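A quick write-up on the structure given underneath.
Note that this is a predicted model, so its numbers are computed, not measured.
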Amino acid sequence: NYFTKEGFGALVARFGADVPVELSTPVRKILWDVPGVACVTDRGTIRAKAVIVTASPAVLAFEEIEFAPALPDGHFAAFFDLPMGMLTKLPVEITGTRLGLAPFDDLLIERLARHDIYFLCFPFDLDLMVGFVGGDFAWEMSAAGEAAGVDFVVDRLCAIFGGDVRKHVGRAMMTNWGGERFVRGAYAAARPGRSQARATLMQPVAEKIFFAGEHLAGPLMQTCGGARLSGEAVARTVAAQLAAK
Ligand SMILES: Cc1cc2nc3c(=O)[nH]c(=O)nc-3n(C[C@H](O)[C@H](O)[C@H](O)COP(=O)(O)OP(=O)(O)OC[C@H]3O[C@@H](n4cnc5c(N)ncnc54)[C@H](O)[C@@H]3O)c2cc1C
């Protein structure tokens, strides 16, 4: 959870630079009544002894990947017990003033835990304030759209620092992870009383379909680091299993 000036995606890309990755190659179908598995992608079919599926539970609940034969009911139900929560970032460029704030100051504007907004202020002394909204409010904001989201942020800043702030606002945008077909939210949150869904998904299917990702990362669930550790742990399990055969 340390900050990177270039953005966290840059850190992930650098960290995994030597990992062969094919972008724009969605897996549409996973056949597992064949020797090993066959993953049908838009760019051909990949055969393997086993597959580790790291798409979010929401992507899997929407059946973006068809499993043939179908997954056991317990696994399919687990996707629905781990729906995606939402966190939305609203970065706003603020030029010509620091509003009396220091780099990395935290600013929280509370509204009964419903319309709260947190700002990370001027990180790395950049002309940037990053607003964060979460939960139901973040989903509502996504539905209202980017223009409404940016208006909300600027109005809140004006309410605190005065209407002059508007003159200092430059570029602004809103993230929309809920609208990303292959992610569909920020990170998974178990329904009350249904957290055993995580243990269910940690059970491989037929010793050849394995699941990994932030939603299966134990105490580091919901984080990028947890996603990495989950993937590595499952990969080690698969490698050991294949070596034993
Ligand atoms: C606004 C916001 C702020 C956050 N802040 C932090 C933070 O400060 N620190 C932190 O640790 N975490 C943070 N997170 C959470 C972090 O981003 C997630 O926990 C992490 O990205 C989960 O990684 P993952 O690999 O499990 O899943 P994903 O990141 O969802 O990766 C799954 C990948 O699978 C791909 N995929 C999906 N379907 C298919 C398919 N059919 N075929 C091929 N590929 C497919 C997707 O395109 C995606 O690239 C934040 C998240 C959000 C939204």
Side-chain angles (χ1 to χ4, degrees), residues 1-27 30 37 39 41-44 46 48-60 64-65 79 82 84-91 93 103-104 106 118-132 134 138 171 173-190 198 201-202 204 208-243:
N1 283 339
Y2 290 102
F3 296 108
T4 47
K5 190 174 180 184
E6 297 80 4
F8 210 77
L11 188 148
V12 173
R14 176 84 182 265
F15 180 84
D18 57 346
V19 178
V21 174
E22 293 295 330
L23 298 175
S24 303
T25 312
V27 176
I30 296 178
V37 291
C39 300
T41 82
D42 287 2
R43 294 166 60 200
I46 298 165
K49 291 179 180 155
V51 59
I52 303 174
V53 180
T54 68
S56 73
V59 168
L60 296 167
E64 293 288 1
I65 301 174
F79 303 146
L82 295 170
M84 301 296 270
M86 188 52 136
L87 182 65
T88 296
K89 287 189 191 181
L90 292 131
E93 186 180 31
F104 291 106
D106 297 302
Y118 159 81
F119 285 95
L120 171 66
C121 303
F122 305 109
F124 303 99
D125 207 20
L126 297 169
D127 292 346
L128 178 68
M129 293 184 79
V130 186
F132 290 70
R171 293 168 296 171
M173 54 89 68
M174 180 171 80
T175 59
N176 183 18
W177 289 103
E180 288 287 336
R181 178 173 176 182
F182 292 111
V183 181
R184 292 183 183 267
Y187 29 78
R198 299 184 196 277
L201 289 183
M202 288 177 86
K208 49 186 176 178
I209 301 176
F210 295 77
F211 295 91
E214 63 77 15
H215 55 296
L216 303 179
L220 276 178
M221 67 178 83
Q222 304 183 333
T223 71
C224 200
R228 174 201 150 195
L229 293 176
S230 160
E232 283 183 353
V234 172
R236 270 194 290 271
T237 301
V238 176
Q241 182 186 297
L242 294 179

Inset, instruction - Output all residues satisfying ring-ring contact (aromatic ring centres under 6.0 Å, His included) with Y187, sequence neighbours left out; order by chain, then residue number. - result: none
Inset, instruction - Kindly write out the residues that satisfy ring-ring contact (aromatic ring centres under 6.0 Å, His included) with F8, not counting sequence neighbours, or none if the list is empty. - result: none
Under the side chain to side chain contact (heavy atoms under 4.5 Å, CB included) test, which residues partner [X], sequence neighbours left out?
{"X": "A188", "answer": "P57, L82, M84, E214, H215"}
{"X": "F182", "answer": "P26, R28, E64"}
{"X": "A50", "answer": "K208, F210, V238"}
{"X": "D106", "answer": "Y118"}

Legend entry - F104: which of F3, Y2, F119, F122 passes ring-ring contact (aromatic ring centres under 6.0 Å, His included): F3
Inset, instruction - Under the side-chain contact (heavy atoms from CB on, under 4.5 Å) rule, what do L90 and V130 come out as? Steps first, then yes or no, please. - result: CA-CA 6 Å; L90 292 131; V130 186; over 6 Å; no
Inset, instruction - State whether the side chain of T54 and the backbone N or O of G213 hold a donor-acceptor pair below 3.5 Å, judged by distance alone. - result: no
Legend entry - Test side-chain contact (heavy atoms from CB on, under 4.5 Å) applied to L87 and F132, step by step: CA-CA 7 Å; L87 182 65; F132 290 70; 4.2 Å; yes
Legend entry - Gap between atom CG of L126 and atom SG of C121 - 0.5 Å precision: 12.5 Å
Inset, instruction - Quick one: list whatever passes side chain to side chain donor-acceptor pair (under 3.5 Å) with E180, sequence neighbours left out. - result: none
Legend entry - Residues which pass side chain to side chain donor-acceptor pair (under 3.5 Å) with D125, listed by chain and number, not counting sequence neighbours: R98
Inset, instruction - Decide yes or no on side-chain contact (heavy atoms from CB on, under 4.5 Å) for V234 and F211, but give the supporting numbers first. - result: CA-CA 8 Å; V234 172; F211 295 91; over 6 Å; no
Side-chain donor-acceptor pairs under 3.5 Å in residues 12-25, sequence neighbours left out?
| from | atom 1 | to | atom 2 | distance (Å) |
| --- | --- | --- | --- | --- |
| E22 | OE1 | R43 | NH1 | 3.3 |
| E22 | OE1 | R43 | NH2 | 3.4 |
| T25 | OG1 | L23 | O | 2.8 |
| T25 | OG1 | R43 | NH1 | 2.8 |

Inset, instruction - Enumerate the residue pairs fulfilling side chain to side chain donor-acceptor pair (under 3.5 Å) with a member in residues 223-240, sequence neighbours excluded, ordered by first and then second residue. - result: R228-E232
